[in-house]
Amino acid sequence: MDSESLQLGNENLWAWFVRLLSQNSEWLSAKVKFYLPTMDLDCSNMAPEPEVIHHQLRRLYTQGLATWQSFIYSLCMELDVPLELEVPLLSIWGQKDEFSNQIGAGEDSHPEPLQHHGVKRPSQSCGSSPHRKHSRKQQLELAKKYLKLLKTSAQQNHGGECPEAGHTHASPQAYIPPILQWSRDTSPLNAQEGATIGDPNTADDMDVSIQDLFNFKAPKGPRVTVLLGKAGMGKTTLAHRLCWRWANGQVDHFQALFLFEFRRLNMITHLLTLPQLLFDLYLSPESDSDAVFQYLKENAHQVLLIFDGLDEALHSSSKGADNAGSALNLFSDLCRGTLLPGCWVMATSRPGKLPACVPTEATMVYMWGFDGLRVEKYISHFFSDLPSQELALAEMRTNERLRGMCAVPALCQVACFCLRHLLPRSPPGQSTALLPTVTQLYLQMVKTFSHSGTLPATSLLGLGKVAFRGLDTGKVIFSIEDIPSPLMAFGSVHSLLTSFCIHTSTGHQEIGYAFIHLSLQEFFAALYLMASDTIDKNTLTYYVTLNSHWILRTKARLGLSDHLPMFLAGLASHTCHAFLCHLSQQDEAWVGSRQAAVVQVLRKLGSRKLTGPKMIELYHCVAETQELELVRFIAQSLPFQLSFHNFPLTRADLAALANILEHKTVPIHLDFDGCPLEPHCPEALVGCGQVENLSFKSRKCGNAFAEALGRSLPTMGSLKMLGLTGSKITARGISHLIQALPLCSQLEELSLHDNQLKDPEVLSLVELLPCLPKLQKLDLSRNSFSVSTLLSSVKLATTYPSVRKLQVRESDFIFLLSPITEKAVQQSEASDLQDKDSLKEKGQSRSLELRLQKCQLMVHNAEVLVELFQKGPQLEKLDLSGNHLEDEGCRVVAEAASQLQIAQKLDLSDNGLSKMGVTYVLRAMSTCGTLEELHISLLSNTAVLTFSQEPRKQERSCKRGTPLTSFASPVASETSPSSRRIRLTHCGFLAKDIERLCKALRAVCQPHHLGHLDLSDNSLGDEGVALLAKLLPGLGPLQSLNLSRNGVSLDAVFGLITCMSSLQWVFHLDVSLDSDHILLGGAGTGRDAPAGRCGPEFVAGGPLLAFSSHYTSRSFRLQGCQLEPLSLACLCATLEKCPGPLEVHLSCKTLSDESLKTLMQCLPQLPQLSLLQLSHTVLSSRSLFLLADVFNLCPRVQKVNLRSLCHAVLHFGSKEEQEGVCFGFPGCSLSQEHMEPLCCALSRCKALSQLDLTDNLLDDSGLRCLLECLPQLPICGWLDLSHNSVSQEGVLCLLETLPSCPRVCEISVSLGSELNFRIHLSREEEAETKLRMCECSFGPEHLSRLASSLSQAQQLTELTLTRCHLDLPQLTNFLNLVNRPAGWLGLRYPPSLGRGMGKVVSPQSQPSHPCTKEPTSLPQSHARNTEKLSLMTGRLCFGI
């Protein structure tokens, strides 16, 4: 045996060991559990205490030299060891040098971990155990033993101190439950909104609702619960607490419960199966694991598997191989139900992007830590004696910032630890100065490690180095080789480290060590970065970064440094300067430069555009620095609107934000959209006067949130807009807001959209309107309210003068208000001195708009509404659409419309109105003088009444203003653009309904003029239209009547034509039978007539006298029907009675020659006819001759135009106006064969003023035929033959016929692109004829005929040749061929021939007959500026 063994075997020393540790048995048990997590501590129940102590010491010693050294060091540091024994103990096993005598942990092999009491391990793991068959009874016995073994293990592992709880000597019953909040609709059916685990005021049953974490009523399938909470909120503690409660029979729904930590599972490098995970890595059954596993599969609905630290899970790809059996993949299969289907799975995680394996239907539960009541409860349990409790509670209540930090359970533990050491030595209230930040809180904890006033700098830096290397490599579990034994002892003494057993493989276990909390590891890492001389400033500033909370789980390196930048910022505070100097053993300049570097990095980050999570992390860092200049810089860098979306926020987060906002000089808008919010986080905004707009949109906000918000609102003096939408606030929560809102008189907008408010809450909020004088909008949409609440709201809207609009539609509920200004208040006070009439007039000056759509209003509510409306101000708009008022309710409201003085519109649509109800509404409108339009459509459920701004007075003034000598029709004075319009469309009216309908319409027309009546889209038919035509005189003069789409035939149209003679107001009848369109219009409503004017009356059948062009003619339009001779004859007979002037427009697909002949023969019977138009009507080629002979049938014809054989227009006038008839047949495909009969028909006309034959097929032959008949045509005007394919031959033919046509005075021919060919004839023979030819391109073969024709045409006095392609020789030859008698011939020729023309007409070259030249010179400017080729003129004189 070595010297240590010999010393240990010393009988005196051994006796002293046993005696000392017998007095500190709890301390020994805690140390044994720390160094030997797998050791069975229940052996004390079966052996005397000295034997138990001896057994425990032996196990500690055989664990290894490093473990034994750390234990001896802890014993000497923590227990009262006599000096004469402390020296030899430390000299043998104690601390000589902290880093020089490290002993490897592998020098002594670890013994096989002890099993729990009564547990024997099988000889083989479950993966290799032989398959055995058992009866059902044996299987149940094995399962029963295993389940009992699970509970025993849970009691031993979780029955002592709960991790992260901070109760060193507390029992599990002292556990303080945190706040839990369900995030989705998958929350338990029996759980209340915002349910928390336990009631802090209940002593006996602290956490009775812990089972609400699991929805036992959920259907079969994956049953997954994810517990989300930031670091330090107590997720691991709750998981251990749940295990302890299950082991003690308080969660009886589950037969088996397994708890795994991902930080331990990450260390397993081999493939895993589910039986290996349950039995090899957790707890093995006594025998036949296959039978036990089969039992668990059959009862999976009673099995719960808890996975702690899902955010620390390593993805399979991060291990460099496709590890299908990794722990995360097993977790994924359990969630999806492919493994152990029907089991329950619970996972804890920090907020962020969860792995894809978490099902979307999983229950998300947020953990928010402590509220004020829980903090006080925690303090009461932490301090055992009453005086210390009272001091600690008093300190906590006076220090707002410390109370805010204690909302995080881990920080609450550290704060209590610090207060326990500070309170006895410090005066009350010193915690504000000593514990201002989280970093200062941890520093104060570190300072308590110094018992003699000397800071253990070496140990702190050494532990910081271990922590930093762990964070840098993603390591949170350390082996004994990673931590030197002095540091291990230091961490054990001060409860900084914890130990546990790790099952790395089948049958193999290791002991792992970790910091008691991850934030503690980050703090020590920050100490090392700031104080170690091995870290330069570049490396230091590299770690001052803002981490995104939306991390990808595919990264191999875990995000373990959430708080590291915050601790670095905290250590950059000036209050940490002296501590860092002492810790680093450096001067002040060295420490100051490192602190300044950190502050500079934060300043640069503050000038960037950051995401919401990074902004919050920056605000935490800035608050930790305690640098006022930096805080002001960050505050001024904030945008006008600060938005945070879809990430959780705690009270500490909002406190950090409020700390920045305190230094902002301009208002700011805060918007929290979709952020899970801690229920009490609004308390952090108390006194935040810079916030102008505050908006929360989250389903996570509940009653506790509303209560906290109610405490903050009165302190926010600049708040103008408050939005709390999409939350779960109920009556209990809204009551706190109702108490707080009257204290916020500056509010301009309040939105409580989409909450869970009921009638009492909605009504209470509406009644708050008088208490908020500056409010402009109140939004209570998507809450639950009844008709009674609606009526109460209408009453308030009509009585409270600030309300200008109330909009309610299904779930919409919005008040719009006009704030009461001070001036308005003064006027209101002054108005009290006036009489009642002036008060009434003052009240009517306010207008109110009410939209009560789809509010389930019934018939009996109509009278109540009318009574409320009558007591209120003038209504701008009243919308009652989408209710159930039916006929009676609509009648009640319509009858009251005249008293309500509605300014614009009354909407009664979609209220179950019937045909009988339509007549009710019509009769009710008889007393309303401001009605402008009534539109009712039963098919589209439309019933809208439109009103004018003031009662119309135009009718009386118009009648008074009409002079007796006026030629205008009396109809024009009775109608005006503001006449009433009544549209009764799609109402299903039949012929039998006409009498009742007209009776109701007469009630409207008697006191007030009816301008426009629309009865389209009904089912009147011919019978109904005929009956209506008889009753129309009783409706007075209308401006229009629409009878479209009523199933009317041509017979009914003939009946309507009689209205044009019987009713003076009917000026236009427009009928289209194919589209079923019928419209009767008054004066000024025609398509082509000037509005508001009418012409003089013409007696039916009388002659058409002269009238001004601005007067409106009567018109009849008929389209879309086939007109046969009989129908045309009947039509003309009916039109005979119509007064004139009359325009008839007919349009049908085809019109036969017989029908056209019948129409022409009827024209003399219509002396009042001014226009006859046949549009879009195909005519035959024979119709052309019928139209050409129309003058013989009706001498009043002034113009006939037939275009393309489908558009014909005939204009008529009086015989006194007759000067000549204009005929036009363009595009009618006329050819040579048509010319002779056409000319024959036209020759019977007395006078032709114009003949248009353009765009036909005459060509040269047709032209020749026409020229032969030309002398017989009585035409005096233009004959247009353009676009008829006439060539040079036709031109020569025309010139050859000139001698036989002495009335031709002008000819204009262009054979180029224009293709013009026009001949102008005079009434008598002309002495001079002008001939203009352009682009005729005469060749040499044409010149002789041309010269011959010119020689014969004695009346030709001027010849113009333009671009005819004649050069000088050709022109010379042409002139030589011209043989004319004495006289003058004007010749215009191109300017290019100007110089040679002198020789052409010189005496040497003159023709045989004497020729004299009279040259005419033109100005050169004229020659330059004109574009014609023929610019110069020469006059040739022929004489004897």
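Start at 1 with the first residue, then count along the sequence. Quick caveat, the model's predicted, so the values are computed rather than measured.
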Can you find a pair of side-chain heavy atoms, one from [X] and one from [Y], that are under 4.5 Å apart?
| X | Y | answer |
| --- | --- | --- |
| Leu1267 | Cys1293 | yes |
| Phe1223 | Leu1248 | yes |
| Leu1298 | Val1304 | yes |
| Leu1166 | Leu1172 | no |
| Leu1315 | Ser1282 | no |
| Leu1118 | Val1144 | no |
| Leu1281 | Thr1254 | no |
| Leu1210 | Leu1163 | yes |

Open item on the list: Exactly one of Lys1330, His1320, Arg1332 should register a side-chain hydrogen bond (donor to acceptor under 3.5 Å, both in side chains) with Glu1306. Which one does?
Closed with: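 Among the candidates, only Arg1332 passes.
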TODO: Report the residue from Asp1076, Asp1074, Asp1070 that forms a side-chain hydrogen bond (donor to acceptor under 3.5 Å, both in side chains) with Ser1072.
DONE: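 Going through Asp1076, Asp1074, Asp1070 one by one, the side-chain hydrogen bond (donor to acceptor under 3.5 Å, both in side chains) with Ser1072 is satisfied by Asp1074 alone.
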Ignoring hydrogens and angles, tell me if any N or O in the side chain of [X] forms a donor-acceptor pair with the backbone of [Y] under 3.5 Å.
| X | Y | answer |
| --- | --- | --- |
| Asn1042 | Asp1014 | no |
| Ser1113 | Glu1143 | no |
| Arg1303 | Ile1275 | yes |
| Gln1288 | Cys1336 | yes |

Open item on the list: Counting only heavy atoms not in Gln1272 (residues, nucleotides, ligands), do more than 12 fall under 6.0 Å from its CD?
Closed with: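 It does: Gln1272 CD has more than 12 such atoms within range.
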- [ ] With sequence neighbours left out, write down each residue that passes side-chain contact (heavy atoms from CB on, under 4.5 Å) with Ser1204, or none if nothing qualifies.
- [x]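 Counting only residues at least two positions away or on another chain, Ser1204 forms a side-chain contact (heavy atoms from CB on, under 4.5 Å) with Cys1206.
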Can you tell me how far the [atom1] atom of [X] sits from the [atom2] atom of [Y], to the nearest 0.5 Å?
| X | Y | atom1 | atom2 | result |
| --- | --- | --- | --- | --- |
| Cys1245 | Asn1192 | SG | CG | 7.5 Å |
| Thr1177 | Gln1119 | OG1 | CD | 9.5 Å |
| Leu1156 | Leu1128 | CG | CG | 9.0 Å |
| Leu1080 | Ser1040 | CG | OG | 9.0 Å |

Would you name the heavy atoms of [X] and [Y] that are closest together and state the gap between them?
| X | Y | value |
| --- | --- | --- |
| Leu1171 | Phe1212 | N-CD1, 4.0 Å |
| Gln1168 | Glu1136 | NE2-O, 3.5 Å |
| Leu1273 | Ser1243 | CD2-N, 4.1 Å |
| Val1286 | Leu1311 | O-CD2, 3.3 Å |
| Leu1238 | Ala1188 | CD1-CB, 3.9 Å |

Does a donor on one side chain and an acceptor on the other come within less than 3.5 Å for [X] and [Y]?
| X | Y | value |
| --- | --- | --- |
| Thr1158 | Ser1155 | no |
| His1176 | Ser1147 | no |
| His1211 | Gln1198 | no |
| His1077 | Ser1044 | yes |

Open item on the list: Could you go through Ile1319 and Leu1294, starting from their C-alpha distance and side-chain angles, then the distance that decides it, and tell me whether this counts as side-chain contact (heavy atoms from CB on, under 4.5 Å)?
Closed with: CA-CA 10 Å; Ile1319 304 174; Leu1294 171 62; 3.8 Å; yes
Task: Residue pairs passing the salt bridge (Lys or Arg N to Asp or Glu O under 4.0 Å) test where at least one lies in residues 1172-1193, sequence neighbours excluded - done: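 Qualifying pairs, neighbours excluded: Asp1189-Arg1244.
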TODO: Show the numbers, then the answer: is there a side chain to side chain donor-acceptor pair (under 3.5 Å) between His1207 and Ser1175?
DONE: CA-CA 5 Å; His1207 298 280; Ser1175 59; 5.4 Å; no
Open item on the list: Between Glu1289 and Arg1345, does the salt bridge (Lys or Arg N to Asp or Glu O under 4.0 Å) criterion hold? Intermediate values first, please.
Closed with: CA-CA 10 Å; Glu1289 181 65 27; Arg1345 291 182 61 188; 3.0 Å; yes
- [ ] Please determine which of Leu1346, Leu1356, Val1309 meets the side chain to side chain contact (heavy atoms under 4.5 Å, CB included) test together with Leu1295.
- [x]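 Only match with Leu1295 under side chain to side chain contact (heavy atoms under 4.5 Å, CB included): Leu1346.
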Open item on the list: Test: ring-ring contact (aromatic ring centres under 6.0 Å, His included). Region: residues 1288-1313. Which pairs qualify, not counting sequence neighbours?
Closed with: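 Residue pairs with at least one partner in residues 1288-1313: there are none.
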Open item on the list: With side-chain contact (heavy atoms from CB on, under 4.5 Å) as the criterion, how do Cys1130 and Phe1054 come out once you've worked through the C-alpha distance, each side chain's angles and the decisive distance to 0.1 Å?
Closed with: CA-CA 8 Å; Cys1130 183; Phe1054 294 155; 3.7 Å; yes
